[in-house]
Amino acid sequence: MREITYLEAIREAMSQEMRQNEDIFILGEDIGVYGGAFGVTRGMIEEFGPERVRNTPISESAIAGAAVGAALTGMRPIIELQFSDFITIAMDQIVNQAAKLRYMNGGKGKVPLVLRTPSGSGTGAAAQHSQSLEAWLVHIPGLRVIQPSNAYDAKGLLKAAMDDDNPVIFYEHKLLYKTKGDVPEESYSIPIGKADVKRKGKDVTIVATAMMVHKALEAAEELAKEGIDVEVVDPRTLVPLDEETIIQSVKKTGRLIVAHEAVKRGGFGGEIVSVIAESEAFDYLDAPIKRLGGLPVPIPYNPHLEKATVPQVADIIEAVKETVHF
Amino acid sequence: MREITYLEAIREAMSQEMRQNEDIFILGEDIGVYGGAFGVTRGMIEEFGPERVRNTPISESAIAGAAVGAALTGMRPIIELQFSDFITIAMDQIVNQAAKLRYMNGGKGKVPLVLRTPSGSGTGAAAQHSQSLEAWLVHIPGLRVIQPSNAYDAKGLLKAAMDDDNPVIFYEHKLLYKTKGDVPEESYSIPIGKADVKRKGKDVTIVATAMMVHKALEAAEELAKEGIDVEVVDPRTLVPLDEETIIQSVKKTGRLIVAHEAVKRGGFGGEIVSVIAESEAFDYLDAPIKRLGGLPVPIPYNPHLEKATVPQVADIIEAVKETVHF
Amino acid sequence: MLKTIKVPSHITEEKLVSLYKEMWLIRYFDEKVDQFFAKGMIHGTTHLCVGQEPSAAGAIAALKDIDKITSTHRGHGHCISKGANVNGMMAELFGRVDGYCKGKGGSIHIADLEKGNLGANGIVGGGIPIAVGAALTSKMKKEGYVVLCFFGDGASNEGSFHESLNLASIWDLPVVFICENNQYGMSGSVKEMTRVENIADRAVSYGMPGKVVDGLDAIEIMNTVYDAVERARQGHGPTLIEAKTYRWKGHSKSDAKKYRTREEEEEWRKKDGIKRFRDLLIEEGIFTEEKAKQLQEEAKQEVEDAVKFAENSPQPSIESLLEDVYA
Amino acid sequence: MLKTIKVPSHITEEKLVSLYKEMWLIRYFDEKVDQFFAKGMIHGTTHLCVGQEPSAAGAIAALKDIDKITSTHRGHGHCISKGANVNGMMAELFGRVDGYCKGKGGSIHIADLEKGNLGANGIVGGGIPIAVGAALTSKMKKEGYVVLCFFGDGASNEGSFHESLNLASIWDLPVVFICENNQYGMSGSVKEMTRVENIADRAVSYGMPGKVVDGLDAIEIMNTVYDAVERARQGHGPTLIEAKTYRWKGHSKSDAKKYRTREEEEEWRKKDGIKRFRDLLIEEGIFTEEKAKQLQEEAKQEVEDAVKFAENSPQPSIESLLEDVYA
Ligand SMILES: Cc1ncc(C[n+]2csc(CCOP(=O)(O)OP(=O)(O)O)c2C)c(N)n1
Ligand SMILES: Cc1ncc(C[n+]2csc(CCOP(=O)(O)OP(=O)(O)O)c2C)c(N)n1
Ligand SMILES: [Mg+2]
Ligand SMILES: [Mg+2]
């Protein structure tokens, strides 16, 4: 199959959908001729024009709010938020408006918008441009939260997000933008709420998201050499979460490691751990669960420190060994 | 000892400290003659004047940012944020500035501010005025997060918060404001990071916060009649978390229930569950852990629905029984 | 043809008459709500617009049916003027299934999408960017409607105000911003909380026209809003209108009103915009004093009926709690 | 006494001479950083102020040592002008322990609290309320300092700008807001992103004076900022100053600059503020062309030395990672 990058997959999903559906448009900072901070929308203003690829002022709260208003009245906006850290500024519109409007109206109206935004560290962008704050959104009823880890998933899940009638937060990862994968040319949809077992194994389950999926797969290869058979589950969508797939995996392996880049304390990992600790899989556990996550510091600038802040392949390998040899 | 309300305890802590320390001042909406939305600052402008009890425009982002700037340059501001839901608007200054400045500066400068804010449901204020978003702040390195459940703790912890050289988020609960408790008249401090065992018991541990502490205690009384001896642990400070006290309790009882009002999905409960699932206490568990938390809906207006959204005494009793009879 | 007053061409004498009744409906509605809150029969909180009826009714009278509004926490008047029925509103305040939000929203979240009311908002300034987005839809889909965006003087100090007006301006969106300056946020007076003479002066920052109107003069409001709305409809972009007005009641449920004097209140009460409108219509010979009385009575009765309707509406079932989160 | 130019009374001829060198220091510093980034020898991103030197240097020259500044992502110039040493700055860009932030902050987070630079900021508009807070400290503690708050044209569309200027105004705080309008946000031109002729026109919304200055004229900037700063120091509140300028380089590391023409760039380059300042000082007889050359060379050398310093500074230890989060 044709190989394209994660970034191209996202652009292709948007472009294909925008050709089909006049109601879809994108708004965000520098998404026009500049092509967006990461180049995701490059070429789109040329195809779709400035009405549908709308460059905005630096006004995150108005961008988000305008998208809410447009969605509520029949459009299907896609917000490109330049860095996911800036969601702090758009938070009121996302959390107090988009997520709640339908419920507060007693089920009338809908807010079909997609907020796409790059998160994560690894580019030296430091503390205010490297966070992974997806756990915040997971906590808010009314939102869907998607976090694709490869090009194929990105394209299919973004299509599903655009088709969804609810506000969807679509977390992209900066370091994944340039990664390549097989992606069908035609449009396709991956159901929101279906985890993907990225590697089958029987000794230990690693539930990993975004970049950590790749690190877990790398760790798994290493561990295979030592005869440890790792299963890697990628939830892909955090809300709704495919609890069933995770529970089945843990029942099979009896061991669970959760890995995400976001700060461990208060991170999404706690949710996964809890789902298992509360489920029938609890009884199948042969070792304590382990979470791997970011250290409790803002992301530092220095590349060595930056790397040391988030889990690496070696950390995963070590955690697996500890768990397996418990 | 003298009995005063939780609200009075907070006011007293601030007033006593402001008498001692010229650098402390409060800023927020309607905290002057109006006394704040809940009356916490009532009478303070009369004592301390409008320079130290500063009424602000409705500008949460500037309020928070001004506090950050004032703190960085030698003052010790207390922000009163009218409803904790509005932290969505102040989020950038709290998360990207206050929490990170010291670290980004390589350890230079400090941001000693306290953000006090009422959270929680139960007053019919509906979806945009009833949230419990403490889990967001827990996830951010650089912040401390405090959540007192009674008047005594509120006074002592607020004193500790004002003494602390870091940004502290101080979550008050609307329904606790009028609750009374024994509170010494003199100033005292409760160390940040010490949980409090609100009730000793041997059969099951309930870790509960804010309003849920009271519901857990009520449930415990009921359950005692049936011979079930419940231990209620109140972390009081979520960051730093007194993991030791919780772990010891679970090792003793072998059973854990976590109860908070915030939405269960992605809530702070996941952190507590994980701390136990990762600790030596894991081996002592005789039953799956249970989390009780808010249902995944925005808080509805109708009082019956509102009540049904968050855990009640009966829910706790039922959870305990299931756990004990597992 | 009217003698002394100029009104937009689509405003008939009948419309003026019904507008008069509408203002009473708003006032009686909020007076009734006030009583229920005082008695503890409604929970939560509410923000009454008694005294501010002309800016709600007058402004919305300038709109076509296809036009939309965004409202605020102090939104009962906007809601009624945009065509909502008081039964559904009162039922909502009672938290009942026949309420506009099935009891899930309450006073500060009533929306009436069918009539083009995109909703009240519990977040000060929260509705402003939403209005801009709705106007964007109108422009992109060529729907021809204009959005009238209500907010208060206090809201004009929020960042969302600034960002939204700028965005609407650069995109020439069909939206009209109307600031109901009732002199206070909750307790913060506009004089202390800004250093502008008029909130409308802030239009300069966005290169849009700014207009000040007497918020108690329904006719002036109607004309000014009409001109701005038609300008917006023709693609010439937004306008910021400020209506100087006053809320007679406290900010919300409990308010000792220490931040203002009883004399000031008295002065504003004297300028009652409903009475003024009545005198005008009588002077114009549009109705008689008796007719006016009768309309007022009818409005009162409608509110009484609404109470009965609300009281008879069932509580929502606990099962309904989990519904309506996702579409 | 200077012949043709007026400057604030505390500005000596020596100061003007050192200012000239300072502008070269800024330019060489950023040129060097540009090279290192191009070679991939510095990671992360950076925003260069080449071309904008006069508004940084001129504005800060108007300050007293006790005065403070808040800076932006495009902050190397502000930092240097406020007295930072380029060694520590370069070391920070290299991520080393001797950097201003021990390698933890990088280009967009350099702060120099000792010298009164409260820091660059990675959040557009993020520093504006912080400046207001620092000014509040000055007022409450009667410390006598004024805060000069830098931000860009793009930042003036953020809500934080609006809220902060309003707050500073109603509290009469000793803060001066200086917008370096370099015509673009990242790619959005100020003409497309606002509908005002001048960002300074927005001062009207806060009842404060608004001034436009030529951002390439260090002397004009100095005088205008000086007047505003002294006004603020005397308790008369804030001013909004807009300096019209231009960034010669792209927005950040990678920028094809498709949003502007090469002709436009050329035109602005011709107006080089450093050259203009040099000609002025020569005309005034303050220095000779040789002296000017020598100063320029010295500046260049200082940057070379800074590179050596940075290269020789060790990487921070991994153990240091967990330090400095809490005080
Ligand atoms: C973001 C936000 N901040 C504060 C509040 C609390 N609050 C509700 S109404 C109000 C006053 C609003 O003043 P204004 O905009 O003038 O409207 P008015 O109440 O006078 O109609 C305040 C402070 C809120 N609901 N939302
Ligand atoms: C809140 C926020 N939004 C967006 C960005 C990304 N960004 C960084 S600099 C910049 C342009 C800023 O423009 P301006 O304020 O004019 O300053 P300039 O870069 O021209 O100096 C943008 C969009 C950011 N860092 N923070
Ligand atoms: Mg008002
Ligand atoms: Mg700029």
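Atom set for the values below is all heavy atoms of this structure, side chains included, hydrogens, waters and symmetry mates excluded. This structure is a prediction, so every number in the text was calculated from the model and none was measured. Below, chain A is the first sequence line, B the second, and so on; all start at residue 1.
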What heavy-atom pair brings D/M140 and B/E51 nearest, and what distance separates the two atoms?
CE-O, 3.2 Å
Counting N and O atoms only, with roles assigned by atom type, does the side chain of D/T137 sit under 3.5 Å from a partner on the main chain of B/A70, one being a donor and the other an acceptor?
yes
Portion of B/D23 that has a non-hydrogen atom of chain D nearer than 4.5 angstrom:
side chain
Looking at B/L143, is its backbone amide N or carbonyl O close enough to the side chain of D/Y326 to form a donor-acceptor pair, meaning the two atoms are under 3.5 Å apart?
yes
Which region of B/D92, side chain (C-beta onward) or backbone (N, CA, C, O), has a non-hydrogen atom less than 4.5 Å from a non-hydrogen atom of chain D, or is it both or neither?
side chain
So D/P129 and B/V68, do their side chains get closer than 4.5 Å, heavy atoms only?
no
Against chain B, label D/F161 side chain, backbone, both or neither, depending on which of its atoms sit under 4.5 Å from a heavy atom there.
neither
Non-neighbouring partners of D/F150 that pass ring pair (Phe, Tyr, Trp, His ring centres under 6.0 Å), sequence neighbours left out:
D/H78
Identify which part of B/E22 has an atom lying under 4.5 Å from any heavy atom of chain D, answering side chain, backbone, both or neither.
neither
Given 3.5 Å as the limit, does a donor-acceptor pair link the side chain of D/K104 with the main chain of B/M104, or not?
no
Nearest 0.5 Å, what's the CH2-CG distance between D/W171 and B/N55?
8.5 Å
Starting at CG of D/L113, measure out to CG of B/L101 and round the result to the nearest 0.5 Å.
9.0 Å
Would a 4.5 Å heavy-atom cut-off, applied to side chains only, mark D/K141 and B/T73 as touching?
no
B/F25: which residues meet the ring pair (Phe, Tyr, Trp, His ring centres under 6.0 Å) condition with it, sequence neighbours left out?
none
Please look at B/Q97 and chain D and tell me whether the side chain, the backbone, both or neither of the residue comes under 4.5 angstrom of a heavy atom of that chain.
side chain
Hey, is the main chain of D/A327 close enough, under 3.5 Å, to the side chain of B/N166 for a donor-acceptor pair?
yes
Any sub-3.5 Å donor-acceptor pair from B/Q93's side-chain atoms to D/G126's backbone N or O?
yes
Closest approach of D/S164 to B/A62 (non-hydrogen atoms, all atoms of both residues):
N-CB, 4.0 Å
Answer key: most heavy-atom pairs under 4.5 Å with chain D among B/S59, B/A71, B/G107 is B/S59
If you count heavy-atom pairs within less than 4.5 Å of chain B, which of D/G106, D/S138, D/G127, D/C101 leads?
D/C101
Value for CD1 (B/I89) from CD (D/E163), rounded to nearest 0.5 Å, stands at 7.5 Å
Could you have a look at B/G65, B/P112, B/P167, B/A67 and say which one has the most heavy-atom pairs with chain D under 4.5 angstrom?
B/G65
Checking side chain to side chain contact (heavy atoms under 4.5 Å, CB included) for the pair D/V325/B/R102: CA distance, chi angles, key distance, verdict?
CA-CA 6 Å; D/V325 181; B/R102 182 178 172 81; over 6 Å; no
Winner by heavy-atom pair count (cut-off under 4.5 Å) against chain B, out of D/N166, D/I170, D/V147, D/N121
D/N121
Given the options D/G133, D/S320, D/P316, which has more heavy-atom pairs under 4.5 Å with chain B than any of the others?
D/G133
Is any side-chain N of the basic residue among D/D324 and B/K108 closer than 4.0 Å to the acidic one's carboxylate O?
no
Per-residue contact mode, D/L165 against chain B (heavy atom under 4.5 angstrom):
neither
Atom pair NE2/OH of D/H109 and B/Y103 - distance to nearest 0.5 Å:
12.0 Å
Quick one: what part of D/E114 sits under 4.5 Å from any heavy atom of chain B, side chain, backbone, both or neither?
neither
Using a 4.5 angstrom heavy-atom cutoff, name the option from B/D164, B/N105, B/D165 with the most pairs to chain D.
B/N105
